[in-house]
Asks: 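The following block contains the structure, expressed as structure tokens.
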Amino acid sequence: MLDKAYDPKAVEDRIYKMWEEANAFKADASSDKESFTVSMPPPNATGQLHLGHAVMLALEDIFVRFARMQGKEALWLPGTDHAAIATESVVIKKIQEEEKIADPRAALGREELLKRIAHFVDNSQDTIRSQVRKMGASCDWSRERYTMDASLSRCVNEVFVKMYKDGLIYRGHRIVNWDPKMKTTVSDDEMEYKDEKSPFYTFKYGPFEIGTARPETKFGDKYVVMHPDDKRYTKYKHGDQFECEWINGKITATVIKDKAIDPVFGTGCMTITPWHSHVDFEIAERHELDKEQIIDFEGNLLPVAKEFAGMGIEEAREKIVKKLDKKGLLLKVDEDYEHRVAVSYRGKGKVEPQIKEQWFVDVNKEVISWPAGSKKHMSLKEVMQSVIRNGDIKIIPDRFEKTYFHWIDNLRDWCVSRQIWWGHRVPVWYKEGSASSDMHVGVEPPEGDKWIQDPDTLDTWFSSGLWTWSTLIDPKLTGDNSLSLEDLLEKSPDFQKFHPTSVMETGYDILFFWVARMILMTTYATGQIPFDTVYLHGLIRTRDGKKMSKSDPSTCIDPLEVIPQFGADALRMSMIVGQSPGNDFRLYEEKIAGYRNFVNKLWNAGRFVLMKCESGGVNPGSLEAISGKRLVISKMNLVDRALMSELQKLVEDVTEGMENYKLSEVGERIYSFVWDYFCDWYLELSKENANPEVMVYAMRMILKLLHPYCPFVTEELWASFKHGDDVPLIQAEWPKADEKLKDEKAASDLQIMIDVISAIRRIRSEHSIESGKKVNVIFVTKNSEELLGELSEEIKRLAKVDNIKAQSSKYEGENTASAFTKHVEVHVPLEGLIDAEKEKEKLTKEKEQLEKFLKGVQAKLGNAKFVENAASDVVEKEKQKEKDAIQKIEKINGKLEIS
RNA sequence: GGGCGCAUAGCUCAGUUGGUUUAGAGCGUCUGGUUUACACCCAGAAGGUCGGGGGUUCGACUCCCUCUGCGCCCACCA
């Protein structure tokens, strides 16, 4: 006998092991079944699994289990990401704290530091693997990948070289976001902005007044820029030069007219520092102006600052202002100026724009043949737009398509090189001692000595952008350097079978970081889209709607604490039901506990059915009981027929919902079916007149439908309900609705009965009739005799009624308390008086509403256009509504006459 | 500055293309229950002018406009 309460701790690990041993997660590339692929977004190999991962795993596991049960060849490929800058900064910080080494890069050197990071990654990968298992994720561990695997690194190099040859990758001096703390560039998307108050100074600059919040960059400023249409400055022409007293003496300045200047802001003119500002850089490029570096890569001033050289930014700022003030050049200080400071998303250092020689991906060059093989050439930007616009890739929810297009419109060339050590090193070599033009770009190092590899590594998204397919390349092939990228794709069975993948499921926060980059990289490198559908989940928040942060454990729910307490199934349900794609949702313990209760409810329903089997002498594992052959619906009682019918509807609803990614609705539907219908009514009604075979049939159906959501408890119960030859539930076949088992009449009759019982209970409660006291009931309905025949005993039992009288016409007579259901009216004779006026008022109101409704329906039906254009079944439905309404009005009229 | 989203019961949220749902659920609250599957349970109740205003319509939680409050994304001013 099963325990009274379900204990997930005793079940989950054992079940997971069973699945693994049965090879249930393993996909077969040689299968001729339709494939279904999900690439697991690789968690950063830096630490622990958090709730964000848990949501991702729950959603994807549901997709995959459903597909697998539907008979598809389902592959869910797990892995981890080396997370370049994130990992390096974590390890560096750790070394700084634990070993008191101020600059671990300098102290340890490249090789040693990389060794340390690799070791750290090994450990956290183990942690992550075991944590993913705890969630019940049915991913194919035999195909686990890591972005730094040899085969994946080969792909990275291949793509880099291919892009270089196509002219999509170039090296250039461009302005980049420089993080002086981590000493690396950061991509546009890896920036965060913080509001900060800092003084805003207005200085005299020759005949002009210029404003700045950053006086320390102003040494090299020798251009003053204004809008060409600004009337205040019409007497100055573009190119005019003048002498001007500035920080370190006299300089010659030049007037530049450029539309980038906002005439309304400040004085409408400014000086520019092209080396340290994106906008200034662009202005300088347009007019071919000189650029000079003022601040070095450590964040200190260069010799151009003369007496200020070597000072840090903050220190220099104050002193420069003082000096200019002394010179009489400081006109105004606005202390309340608010502006935004750019901070690195990873390193959290203040970002300083710098000009640096870097590798870039050109997003505007039109060299990609797309769709693959066509003569039309598009830029990366255009391909990215096209696949969404043409519906090749669908984004759920679709409003994110707008955001996506907006992002692409603003997209600049992508800086892919980073000055950190942890990552894929740029596959470029320079001949030692020669000019930098003597350069080799290749998958393999060049032959001969004295070649030095570029010290930079690639942006982490460069490699994760290949994730959907680089993981499918056969590692046995990648050692063979004679194979081209095309060969690798063609000869890899997994790629051929499983790409493009089916669903990319991830948080909306990395739509740009990652999803867009995968589209970019994959369409270019493989000629295929990476996935058909993008499903974006929302972010989990605390009860008060705050972000969960690791730094504040009180707000944080740790999946690894929750799982032993409530079970992985409960956690999964709590994160799926009530969550809609693209919207944030709140999670807290009561919610999880609620689904723990649900899992336990199901468990007990299972126990109950097993009990009934035992007492009924039925072996739930016997073939006869489950085959359905003996389940002849015409021989069943009404309650069983109704259940059978409702089950078929449930299968249809669940299947349809799953296919349309409506996971929340499906979860709710099953929840309410199990609890509100199966347990509260069906099992209650079956207590004395049980048909164990029907119960077993229902249980098996429910277990299958619920399995993707609650894999552990359903699999565990399955052991009691499966036949000897049955496969584990994870491999079971998804049920199909059986038309023969549908019996709408039974379902609606039972519904009437349920309504009657509820109505009686309500009356009892309203009129405080003691629960033990039995009552007489009269109910009025068209088919009362039929119902009574089968159900009066059940009604008597469940509603504590000792006499039921049914009337097929109007009820007349003694004082009664009445309750109206959709189908019948229920009267319970009472000693006291009933408020007739109130009753009448209620009926009149109902009648009014119905009449209004009828009018609307009739107007619609009277509309020739509607009747012509609408589908015939829609019109039929309207006509039925009209009929029903007329009938009901008549009925009410009848009642009103009596009173 | 540009874009997107949210506002429904005390709390957290559902509500499909406008109509039969008397606007639903879970939690919480209150009342009553040891009915031997389950107290991680059962039966019932209270609680909503669906953010404000306007419009379209026979009919609006649902569509349009507007206002208010909150949140997010992108760009950015020197």
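First the proteins, then the strands, lettered A, B, ... as listed; each starts at 1.
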Asks: Using the C1' atoms only, state how far B:rG24 lies from B:rG48, rounded to an integer number of Å.
Replies: 12 Å
Asks: Quick check: on RNA chain B, is the nucleotide nearest A:Lys662 upstream (toward 5') of the one nearest A:Lys4, or the reverse? Name the residue that is more 5'.
Replies: A:Lys662
Asks: Scan A:Lys612 against the nucleic acid and name what it touches under 4.0 Å (heavy atoms): base, sugar-phosphate only, or nothing.
Replies: nothing
Asks: How far does the P atom of B:rU21 sit from the matching atom of B:rC61, given to the nearest Å?
Replies: 15 Å
Asks: For A:Asp3 and B:rU36, what is the distance between atoms CG and C1' respectively, to the nearest whole Å?
Replies: 17 Å
Asks: What nucleotide among B:rA37, B:rC13, B:rG26 has an atom nearest to a side-chain atom of A:Arg586?
Replies: B:rC13
Asks: Taking the same atom, P, in B:rA14 and in B:rA25, what whole-Å distance lies between them?
Replies: 16 Å
Asks: Taking only the C1' atom of each, what is the distance from B:rA60 to B:rG18 in whole angstrom?
Replies: 6 Å
Asks: Using the C1' atom as the reference point in each nucleotide, state the distance between B:rA37 and B:rA7 in Å, no decimals.
Replies: 42 Å
Asks: It should be established whether A:Ser672 places a side-chain nitrogen or oxygen under 4.0 Å from OP1 or OP2 of nucleotide B:rA25.
Replies: no
Asks: Taking the side chain of A:Lys591 as its heavy atoms from C-beta onward, which of B:rA37, B:rU12, B:rA43 lies nearest to it?
Replies: B:rU12
Asks: Would you mind telling me which residue lines up with the more 5' stretch of RNA chain B, A:Arg541 or A:Thr212, judged by nearest nucleotide?
Replies: A:Arg541
Asks: Between A:Lys662 and A:Glu656, is the closest basic N to carboxylate O distance under 4.0 Å?
Replies: no
Asks: Does A:Trp681 place a side-chain N or O at less than 4.0 Å from the phosphate oxygens OP1/OP2 of B:rC42?
Replies: no
Asks: Measuring only the P atom in each nucleotide, how far is B:rC13 from B:rC72? A whole number of Å is fine.
Replies: 15 Å
Asks: Touch check for A:Glu684, heavy atoms < 4.0 angstrom, all strands: base, sugar-phosphate only, or nothing?
Replies: base
Asks: Rounded to whole angstrom units, what separation is found between the CG atom of A:Asp398 and the C1' atom of B:rC4?
Replies: 12 Å
Asks: Which one, B:rC73, B:rC40, B:rA37, comes nearest to the side chain of A:Cys679?
Replies: B:rA37
Asks: Sticking with atom C1', work out how far B:rC42 lies from B:rG47, rounded to a whole angstrom.
Replies: 22 Å
Asks: On a whole-Å scale, what distance lies between the P atoms belonging to B:rU68 and B:rG32?
Replies: 50 Å
Asks: Is the phosphate of B:rA45, meaning OP1 or OP2, less than 4.0 Å from a side-chain N or O of A:Arg762?
Replies: yes
